[in-house]
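One structure is given below, encoded as structure tokens.
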There are 2 protein chains.
Amino acid sequence: MLKRLSKYIKNLNTKKKTTIKDIASALNISPAAVSKALHDDSRISKKTKDAVKKVAKDLNYQPNHLASALRKGKSNLVGVIVPRTNSNFFSSVIENIEAVLNKEGYHIIITQSNESYKKECDNIDTLLFTQVDGIIASMANETVNLDYYEKIKSKGIPLILFDRGENDLNVDYIGINDYDSSHMIVEHLVEQGCKRIAHIGGYKRTRIFNNRIRGYIDALKKHNLPLDNELLIESNLTIEDGRLKMTQLLALKNRPDAVYVAGDYAALGALQVLNEQHINIPKDIALVGFGNEPFTDMVTPTITSIDQHSSEIGKQAAKTFLAHVKKKSTSQTLNKIILNADLIVRHSSNKKDLS
Amino acid sequence: MLKRLSKYIKNLNTKKKTTIKDIASALNISPAAVSKALHDDSRISKKTKDAVKKVAKDLNYQPNHLASALRKGKSNLVGVIVPRTNSNFFSSVIENIEAVLNKEGYHIIITQSNESYKKECDNIDTLLFTQVDGIIASMANETVNLDYYEKIKSKGIPLILFDRGENDLNVDYIGINDYDSSHMIVEHLVEQGCKRIAHIGGYKRTRIFNNRIRGYIDALKKHNLPLDNELLIESNLTIEDGRLKMTQLLALKNRPDAVYVAGDYAALGALQVLNEQHINIPKDIALVGFGNEPFTDMVTPTITSIDQHSSEIGKQAAKTFLAHVKKKSTSQTLNKIILNADLIVRHSSNKKDLS
DNA sequence: AAAACTAGGTTAAACGTTTAAGCAATATTG
DNA sequence: CAATATTGCTTAAACGTTTAACCTAGTTTT
């Protein structure tokens with residue numbers, strides 16, 4: 001009695017999803033035939049296929065992703081890990097990854113590490129738990145231990161890194177040429193007549209920031225400018241720290257006449273300090289950022305920056321993943337895609353265009 | 001021959017994941033017992049449980065989420081839809097949703113609509129496809145047709161809206177009191193001696209922006225200020241449009257002496273224009289934003305804004321979802337949680353604190 | 001006209017868990 | 001001490017798809 005009642009209630013609640021079985025019995029064919037029809041198997045007649053598709057639509061059939069994922073051993077889900085999504089760069093990369101993957105029937109799961117190593121590990125666990133078919137990631141600032149990434153590799157799950165990646169980890173990578181970008185920036189500043197160029201860089205331990213630093217140092221050498229250790233500062237590249245480090249530079253007896261900041265947010269902080277202290281940009285101090293965030297073109301003065309081709313990075317990352325799953329052979333050739341970045345010159349460093 | 005070879009290769013590749021069966025045969029008990037042991041079922045002896053857990057750890061057992069989700073009919077995944085993640089507000093809401101849900105064994109899938117209705121529909125399809133147990137969403141600016149949200153409801157999947165939600169859709173909602181917030185702002189500006197208060201508002205069709213507009217109008221009335229239609233402008237609230245609309249206001253014969261902008265990004269755009277035109281803030285024109293984005297405290301002058309308690313909104317949204325799944329009974333009492341926002345007074349509107 | 005294909009399916013097992021139902025052995029109760 | 005409960009499992013089915021293997025009737029080849 002109680003059982004019958006509960007069953008009745010259950011039937012009321014579970015708006016009973018249509019399954020392949022329902023379609024099969026409606027057409028008096030086997031579930032297997034339905035499955036094949038829905039996948040356009042060559043061994044099923046056009047007539048049956050059409051009938052199946054019609055009934056499927058009529059009954060509002062939605063394939064059960066979990067069941068097919070379980071059976072096929074793949075989830076058609078790709079995990080994405082980024083430090084944070086609230087910058088235009090990562091936001092745009094994600095958008096493009098999604099666009100490319102959606103076309104191939106994949107969906108993405110976005111997770112943020114907030115630059116925390118622990119969070120990043122949690123995210124990896126979440127993604128592995130969700131049985132993603134691959135992971136596309138950009139590492140947190142904090143991350144130095146690569147065990148968790150090795151864990152992904154050891155499970156045989158394709159791993160693609162972009163922007164923030166490590167060389168030691170032998171995986172596919174998409175990014176820009178940071179070393180060359182620094183050269184472009186220094187060259188540009190030298191052209192503007194700057195002689196004391198400071199660099200507020202990211203953490204040396206992060207490969208891309210290290211490359212920017214190396215590029216900065218080598219470019220100075222190339223132009224016969226002395227390297228002054230006071231002018232090379234390590235930063236976490238937040239707005240706040242940008243303010244701090246700029247203030248620090250202004251406190252020097254011998255101030256720089258140009259500052260190259262390895263991130264736009266920190267460059268914005270620096271800009272604020274310069275504006276507040278009524279220092280003329282670029283006449284007294286020229287400023288260059290990195291990343292070409294939209295706000296660089298909206299602040300006063302507009303900030304010269306490096307465009308990292310975020311949409312291209314996203315697309316390439318997605319394509320690299322797809323290449324991985326398509327050739328399931330062992331011929332896993334390593335892909336390292338290095339794009340050339342563009343220098344976008346704006347008011348903050350353009351002395352020649354002064355009206 | 002060929003078969004044996006392919007089988008051999010297969011075994012090489014599939015780093016054979018340990019399953020419950022493996023544990024079972026290792027201990028010579030049934031898979032069912034293992035499953036129960038892992039879930040701390042009371043009908044399993046402590047001795048067996050310990051043994052199972054030890055073997056599970058030794059064999060590096062990872063539960064197959066897909067299988068359990070299929071069997072249990074729930075995925076332990078919650079979908080989150082936001083306009084974009086690149087604002088601190090949404091970023092912070094998401095962070096808190098995740099924190100609360102992770103503790104209960106749920107994971108989240110983040111998707112962005114980029115303020116596009118079509119993208120939002122796609123996102124909903126993705127989430128339904130992924131078999132999420134619930135959806136927490138904030139609607140795109142463009143969204144006026146609610147069919148897709150009805151679709152979620154009709155599938156019996158818990159839907160919780162926050163910030164941008166609609167009244168017509170009869171679902172749980174978490175947000176702040178926008179109407180009252182406008183009152184607080186106008187009151188504050190009146191106290192500062194402002195008499196011509198303009199409002200750059202969001203789209204009227206979006207409920208929260210409409211409420212802010214209504215609050216603005218009613219507050220003017222309350223303080224016996226005339227409503228000048230020239231001073232009430234609709235905007236998409238991006239930085240760019242903030243610049244545009246501010247420029248528009250400055251072109252009036254009779255300029256406002258205060259501008260209340262319904263979003264911080266647009267307020268930033270307005271601030272830039274005012275700064276560029278060397279208009280004294282707040283003496284000539286006072287400025288107030290909405291959202292308390294971190295940069296409001298970093299620009300010059302700092303911008304007065306409304307704090308929306310993003311972390312609280314995130315937590316409450318997650319808790320509301322959890323309440324839904326816990327009481328599976330039909331007693332679906334509707335939750336409308338309206339938080340009181342805080343006005344954070346900063347330099348852009350504080351005339352009394354002038355040094 | 002026998003042999004060999006082909007078209008168009010069907011059958012049944014499998015993916016890894018969970019869980020209702022069952023059962024034997026031990027413990028508790030009246 | 002017989003009746004009843006409890007403990008600690010086992011059995012087997014189920015979740016919804018997919019797929020290898022098989023089957024039958026018709027078609028083509030030789």
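Protein chains get the first letters and strands the later ones, always in sequence-line order, with residue 1 at the start of each.
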Restricting to nitrogen or oxygen on both sides, can you table the protein-nucleotides 8-12 of chain D pairs closer than 3.5 Å?
residue, atom, partner, partner atom, Å
D:dG8, N7, B:R43, NE, 3.1
D:dG8, N7, B:R43, NH2, 3.1
D:dG8, O6, B:R43, NH2, 2.7
D:dC9, OP1, B:T48, OG1, 3.1
D:dC9, OP2, B:S45, N, 3.0
D:dC9, OP2, B:S45, OG, 2.5
D:dC9, OP2, B:T48, OG1, 2.6
D:dT10, OP1, B:S30, N, 3.4
D:dT10, OP2, B:S30, N, 2.9
D:dT10, OP2, B:S30, OG, 2.6
D:dT10, O4, B:K36, NZ, 2.7

Show me the side-chain donor-acceptor pairs of residues 51-63 of chain B shorter than 3.5 Å, one per line, residues at least two apart or across chains.
residue, atom, partner, partner atom, Å
B:K53, NZ, B:D40, OD1, 3.0
B:K54, NZ, B:D58, OD2, 2.7

For nucleotides 24-28 of chain C, tabulate all protein N/O to nucleotide N/O atom pairs closer than 3.5 Å, reporting atom names and distance.
none

If an axis is fit to five pairs at each end of the helix from C:dA1-D:dT30 to C:dG30-D:dC1, what is the angle between the two, to the nearest 10°? 40°

Who passes side chain to side chain contact (heavy atoms under 4.5 Å, CB included) against A:D122, sequence neighbours left out? A:K118

Taking only residues two or more places apart in sequence or in another chain, which ones pass side chain to side chain contact (heavy atoms under 4.5 Å, CB included) with B:Q316? B:I174, B:E312, B:I337

Under the rule for ring pair (Phe, Tyr, Trp, His ring centres under 6.0 Å), what residues qualify as partners of B:F321, not counting sequence neighbours? B:Y106

Among residues at least two apart in sequence or on other chains, which ones pass ring pair (Phe, Tyr, Trp, His ring centres under 6.0 Å) with A:F129? B:H65, B:H107

Looking at residues at least two apart in the chain, or sitting in another chain, which of them share a salt bridge (charged side-chain N to carboxylate O under 4.0 Å, His left out) with B:R164? B:E115

What pairs meet the salt bridge (Lys or Arg N to Asp or Glu O under 4.0 Å) rule with one or both residues in residues 60-77 of chain A, with sequence neighbours excluded? none

Residues in salt bridge (charged side-chain N to carboxylate O under 4.0 Å, His left out) with B:K151, at least two apart? B:D125

Proximity to DNA chain C (any heavy atom under 4.0 Å), residues of residues 19-26 of chain B only: B:T19, B:I20

